[in-house]
Amino acid sequence: MVSEKVGGAEGTKLDEDFKDLEKRADVTSKAVVDVISKTSEYLQPNPASRAKLTMLNTVSKMRGQVKSPGYPQAEGLLGESMAKFGREMGEDTNFGGALVDVGESMKRLAEVKDSLDIDVKQNFIDPLQAVVDKDIKDIQHHLKKLEGRRLDYDYKKKRQGKIPDEELRSALEKFHESKEMAESSMHNLLETDVEQVSQMASLVESQLQYHKQAVQILEELTDKLRDRVNEAQSRPRREYTPKPKVSFDYEEQEHSNGEYSPSANPPSYSSDALSFHRTRSMKNSRHSSEPCAKALYDFEPENEGELGFCEGDIIMLTNRIDENWLEGTIRGQSGFFPNNYVEVVVPL
């Protein structure tokens with residue numbers, strides 16, 4: 001070997017058929033090893049979780065535990081978070097109920113993904129790993145043995161005349177024997193491509209079943225969420241009404257140091273101005289045939305251009321923007337507002 005590497009000595013050459021067979025077997029071996037690795041990454045993309053899972057599986061085997069922890073699917077983690085906070089918010093709320101619905105569906109997707117992992121491992125990864133552990137390992141063993149016997153034969157051939165002919169003949173026979181075994185092992189690997197294609201079909205079938213189940217889960221979830229959206233849109237909007245401020249009476253004699261105490265009488269709140277405007281609007285509507293509507297709920301504007309009003313107000317209608325919004329005036333102000341907050345008295 002040193003003579004070949006350093007001195008440039010020419011060793012025994014292998015025929016072209018053997019070289020071609022060796023090349024195809026080498027590509028197949030590399031493909032199998034790399035596909036196993038990439039498939040594991042596809043099923044379990046988080047490298048930290050993969051490393052932790054491998055460690056836990058090893059510990060479980062050492063302890064004799066049959067069941068080992070599974071890979072933490074991202075869908076399951078997201079589903080747990082959504083379901084947890086949805087229940088804390090309350091399933092009777094739109095957002096809380098939607099979080100619970102999506103969270104439970106995500107956990108179902110995680111279960112389906114676990115099934116995909118198991119199917120692919122049993123029907124694709126494990127058979128390919130068996131090829132690596134047996135067939136490819138045998139090829140590597142025979143090729144390494146062939147190289148050693150070739151070097152032994154070349155060494156003895158150079159010493160021909162100095163060693164017995166029987167020893168040279170024995171080295172040649174061992175070289176041919178190793179060459180034949182290497183060819184046979186590589187041929188067997190390449191002839192099992194039918195099995196490998198079947199394993200690829202199993203992989204695709206498992207993926208197809210996973211996606212079918214995932215589509216079914218997501219379609220059911222979409223219907224639930226669509227119903228929730230329609231229900232939320234049909235509900236009248238609940239406006240925030242601030243609580244009245246408590247009034248205090250200052251006592252001059254008992255609290256000369258500036259303290260004050262709440263009044264014994266309950267606080268009263270004047271609404272004369274608001275009643276005046278409401279009365280005037282109602283009177284005007286009674287004696288007018290102009291289009292108008294009566295407010296069913298309080299509406300407080302949140303965006304520029306919206307018209308605010310209180311329950312019972314009479315709003316003069318000026319325009320219908322679309323099927324959900326009207327435009328009108330009240331108390332000298334004009335703007336638009338949702339039509340489900342009012343009852344149209346005189347239509348446009």
Side-chain angles (χ1 to χ4, degrees), residues 28 30-54 56-57 60 65-89 91-133 192-234:
T28 302
K30 290 179 179 178
V32 170
V33 173
D34 196 61
V35 166
I36 291 175
S37 174
K38 294 299 188 295
T39 304
S40 299
E41 293 177 10
Y42 161 71
L43 296 174
Q44 302 174 354
N46 190 325
S49 297
R50 283 203 312 273
K52 182 178 179 181
L53 183 61
T54 302
L56 292 175
N57 289 337
S60 298
Q65 297 175 349
V66 178
K67 187 175 181 180
S68 57
Y71 179 81
Q73 303 291 354
E75 295 88 346
L77 299 176
L78 177 58
E80 290 289 347
S81 175
M82 286 183 167
K84 172 187 173 184
F85 287 104
R87 293 189 178 95
E88 290 183 6
M89 293 172 64
E91 296 185 48
D92 55 334
T93 64
N94 285 330
F95 187 32
L99 279 174
V100 173
D101 288 343
V102 178
E104 293 300 327
S105 296
M106 284 294 175
K107 289 194 283 186
R108 289 176 61 193
L109 286 174
E111 294 174 359
V112 175
K113 190 71 177 293
D114 285 336
S115 299
L116 172 66
D117 288 2
I118 294 172
D119 290 344
V120 172
K121 185 175 187 304
Q122 291 179 347
N123 301 320
F124 183 68
I125 293 180
D126 287 351
L128 286 183
Q129 188 63 48
V131 172
V132 174
D133 295 339
T192 58
D193 55 352
V194 175
E195 297 179 11
Q196 285 134 25
V197 173
S198 299
Q199 292 152 10
M200 291 291 295
S202 298
L203 169 66
V204 175
E205 179 65 25
S206 298
Q207 289 176 303
L208 179 60
Q209 291 301 320
Y210 162 72
H211 287 293
K212 281 183 177 180
Q213 295 178 44
V215 167
Q216 181 179 355
I217 293 172
L218 293 176
E219 285 179 344
E220 294 174 0
L221 176 60
T222 300
D223 293 338
K224 287 184 179 180
L225 293 179
R226 188 180 294 112
D227 292 340
R228 285 191 176 276
V229 170
N230 294 334
E231 181 184 354
Q233 289 178 342
S234 62

### Query
Can you find a heavy atom in the side chain of L218 that is under 4.5 Å from one in the side chain of L109?
yes
### Query
Got a second to check how far R228's CZ is from K224's NZ, nearest 0.5 Å?
8.5 Å
### Task
Kindly say whether L77 contributes a backbone atom to a donor-acceptor pair with the side chain of S81 at under 3.5 angstrom?
no
### Task
To the nearest 0.5 Å, tell me how far I36 CD1 sits from E41 CD.
12.5 Å
### Message
Within the structure provided, determine whether T222 and E219 are in side-chain contact (heavy-atom separation under 4.5 Å).
### Response
no
### Pairwise side-chain contact, V112 with I217, heavy-atom cut-off 4.5 Å (strictly under)
yes
### Message
Can you give me the closest heavy-atom contact between F124 and M200, atom names plus distance?
### Response
CE1-SD, 3.4 Å
### Query
Between K30 and D34, is there a side-chain N and carboxylate O pair less than 4.0 Å apart?
no
### Approximate separation, where rounding is to 0.5 Å, of L225 CG and N94 CG
11.0 Å
### Query
Near F95 CZ, under 6.0 Å, is it more than 12 heavy atoms from other residues, nucleotides or ligands?
no
### Query
Salt bridge or not for K107 and E104, using N-O below 4.0 Å?
yes
### Query
Just how far is it from atom CD of Q213 to atom CD of Q216, taken to the nearest 0.5 Å?
7.5 Å
### side chain to side chain donor-acceptor pair (under 3.5 Å) between E195 and Q199, worked out
CA-CA 6 Å; E195 297 179 11; Q199 292 152 10; 4.7 Å; no
### Task
Please round to the nearest 0.5 Å and tell me the distance separating atom OH of Y71 and atom CG of L43.
9.5 Å
### Message
Tell me the closest heavy-atom pair linking Q73 and D114, and the distance in Å.
### Response
NE2-OD1, 3.0 Å
### Heavy-atom closest pair, residues P127 and K121
CD-O, 4.2 Å
### Query
Where is the tightest heavy-atom contact between L116 and S206, given as atom of each residue plus distance?
CD1-O, 3.5 Å
### Query
Which heavy atom of V35 sits nearest a heavy atom of L128, and at what distance?
CG1-CD1, 4.2 Å
#### Entry: Atom pair OG (S115) and NZ (K113), whose distance is rounded to the nearest 0.5 Å
11.5 Å
### Summary
Nearest heavy-atom contact between R226 and D223 is NH1-OD1, 3.0 Å
